[in-house]
There are 2 protein chains.
Amino acid sequence: MAYSYAYPHPAVTVDVVVFTADEGALEVLLIKRGEWPHTGKWALPGGFVEIDESLKRAAWRELREETSVQAGYLEQLGAFGHPDRDPRERVITVAYIALVPFDRLRFEAGSDAADAKLFAIDELPELAFDHRKILRRAKERLRDKLDIADIVRQLMPDRFTLSELQRTHEAISNTESDKRNFRKKLKTLEIVEATGENKEGGAHRPARLYRAVKKT
Amino acid sequence: MAYSYAYPHPAVTVDVVVFTADEGALEVLLIKRGEWPHTGKWALPGGFVEIDESLKRAAWRELREETSVQAGYLEQLGAFGHPDRDPRERVITVAYIALVPFDRLRFEAGSDAADAKLFAIDELPELAFDHRKILRRAKERLRDKLDIADIVRQLMPDRFTLSELQRTHEAISNTESDKRNFRKKLKTLEIVEATGENKEGGAHRPARLYRAVKKT
DNA sequence: GCAAAAGTGTTTGAGGTACACCCATGC
DNA sequence: GCATGGGTGTACCTCAAACACTTTTGC
């Protein structure tokens, strides 16, 4: 017990909600806990903040440790600090949202995690701690803050079809939109361009592949 | 030194950005620091989170201690945790935004504060810690999240003129709008009603006083 | 009477919404 | 040939923006 204080101090962690879009479906990265508490439940990747490390730096470190993702979109969601959210001690966590294109996501199980896995946002398993609450808030934040341009720039893979983009947008905004209106809107935004390639494979007409326009 | 941990723990505080609107001008409550560090500079009201107290409860407590405000709008802004933001020890603060109508705001200097005072949002004094950064982010949050209905419900006093409401809206959104368009918009929203009273006093035509419509 | 803020409608343009059919492929 | 998703244009309506003059008061 090397560190003493005149008043009790909480522990502070960061947790990262890693969103990605696979074929238009919105997914979240979760880690299966191997240790007490909540052994066997799934949890957001995260860990303790080092004493001389900024919150954002800690979030980057956790993101890199779990996904080997080096860059991209990382935004603070907020702090969650209910006194009994962790049975070990008072733990306040600062949650971050990361957006990672599916084709840049490489994840392996970390040292204290039995398994890492992507889950569809609407088919979540039982979650550890208050992580369901954090995820609900993360989804609300995406809905309120992320527009189509953000989705194209931060969440879509290198090449994508317009239907995939529309499905991703609908999953995030929790609305449905007309295909023609969606594409008309995209034209005015001038944020995607056709690559000339097609995406074959379905029992239907091949879809054109688009990419994000590099911002000037 | 009664509290010991196997790993170093940061201290956690809450700081509250108390916004109010006086005659249409957006103002912030600041406390003059009487103690080291940053003695004599102005700071956001705040203090340490008790070990068995939720973050929001701590924010309510600080708000009540400084302003004797019991209810109203209180929303988390986010966590600020740069390692050297406080010279005493590692301190992570969770900032909250409070909206308090001017006529409900009663504030007195607290025990560890030499003075408490409202400042116009664009005429801030030198601030302690990273509080200027917190205030900038708080203003951005208001701009992005607060609509006219929120302003009417949470920030306007019991009686107000439409010009005061418009000035408050312009201060928050950082835009200017046409008087006729603003009032037309208000009509469709159906959130204010005339009281029949007038606000006398200027060297000009008296303004009608309005109040917020009680939500059904 | 003049300075100062209050109050009041119409026109226009942009953007969002509703809506239906043909096309290319796999089986 | 049929099932499956891909791709395309028009009409309407709503809402935001631009814009100027009269009214009531204090001095």
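- Contact annotation: A:Lys185 side-chain N/O to C:dG16 OP1/OP2 distance is under 4.0 Å.
- As rounded to whole Å, 12 Å separates atom P of C:dA6 from atom CZ of B:Phe182.
- The nearest whole Å value for the distance from the CD1 atom in A:Ile148 to the P atom in C:dG15 is 14 Å.
- Taking atom CD of residue B:Glu200 and atom P of nucleotide D:dC27, one finds them 12 Å apart after rounding to whole Å.
- Using a 4.0 Å cut-off, no side-chain N or O of A:Arg205 falls inside it from OP1 or OP2 of D:dT4.
- Applying the 3.5 Å distance criterion, the base of D:dG7 shares a donor-acceptor pair with the side chain of A:Lys179.
- Heavy-atom nearest nucleotides on DNA chain C were determined for A:Pro206 and for B:Pro206, and the one closer to the 5' end corresponds to B:Pro206.
- When each of A:Ile121, A:Asp122, A:Thr20, A:Ile151 is checked for a side-chain contact (heavy atoms from CB on, under 4.5 Å) with A:Leu26, only A:Ile121 meets the rule.
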Quick one, A:Lys199 with A:Glu164, criterion salt bridge (Lys or Arg N to Asp or Glu O under 4.0 Å). Give me CA distance, side-chain angles, the key distance, then yes/no.
CA-CA 11 Å; A:Lys199 175 166 185 166; A:Glu164 286 167 4; 2.5 Å; yes
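- Taking atom CZ of B:Arg183 as the reference point, atom P of C:dT10 lies 17 Å away to the nearest angstrom.
- A side-chain donor-acceptor contact under 3.5 Å links A:Gln166 to the backbone of A:Ser177.
- The aromatic rings of A:His169 and A:Phe182 sit tilted relative to each other, their planes meeting at an angle between 30° and 60°.
- At the heavy-atom level, B:Ser163 lies under 4.0 Å from the strands shown only through sugar-phosphate atoms.
- Between A:Leu162 and A:His204, the residue anchored closer to the 5' end of DNA chain D is A:His204, taking for each the nucleotide with the nearest heavy atom.
- Across the protein-nucleic acid pair, A:Arg208 atom CZ and C:dT25 atom P stand 12 Å apart, rounded to whole Å.
- Atom-to-atom, OH of A:Tyr210 to P of D:dG6 comes out at 12 Å; the value is rounded to the nearest Å.
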Would you tabulate the pairs of protein nitrogen or oxygen atoms and nucleotide nitrogen or oxygen atoms of nucleotides 10-13 of chain D closer than 3.5 angstrom?
from   : atom 1 : to       : atom 2 : distance (Å)
D:dT10 : O4     : A:Lys184 : NZ     : 3.1

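- Taking atom NZ of B:Lys187 as the reference point, atom P of C:dT8 lies 6 Å away to the nearest angstrom.
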Stepwise salt bridge (Lys or Arg N to Asp or Glu O under 4.0 Å) check, A:Glu75 with A:Lys145
CA-CA 11 Å; A:Glu75 169 189 298; A:Lys145 282 200 61 172; 3.2 Å; yes
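- Comparing atom distances between the A:Asp178 side chain and each of D:dG6, D:dT8, D:dG9 picks out D:dG9 as nearest.
- Atom-to-atom, CD of A:Gln166 to C1' of D:dG7 comes out at 12 Å; the value is rounded to the nearest Å.
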Report the C-alpha distance between B:Asp150 and B:Arg153 in whole Å, list the side-chain angles of each, state the deciding distance to 0.1 Å, and finish with yes or no for salt bridge (Lys or Arg N to Asp or Glu O under 4.0 Å).
CA-CA 5 Å; B:Asp150 294 323; B:Arg153 281 195 297 262; 3.3 Å; yes
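- Checking C:dG16, C:dT8, C:dA5 against the side-chain heavy atoms of B:Arg180 singles out C:dT8 as nearest.
- The residues A:Asp115 and A:Lys117 are annotated as not salt-bridged, no charged nitrogen and carboxylate oxygen being separated by less than 4.0 angstrom.
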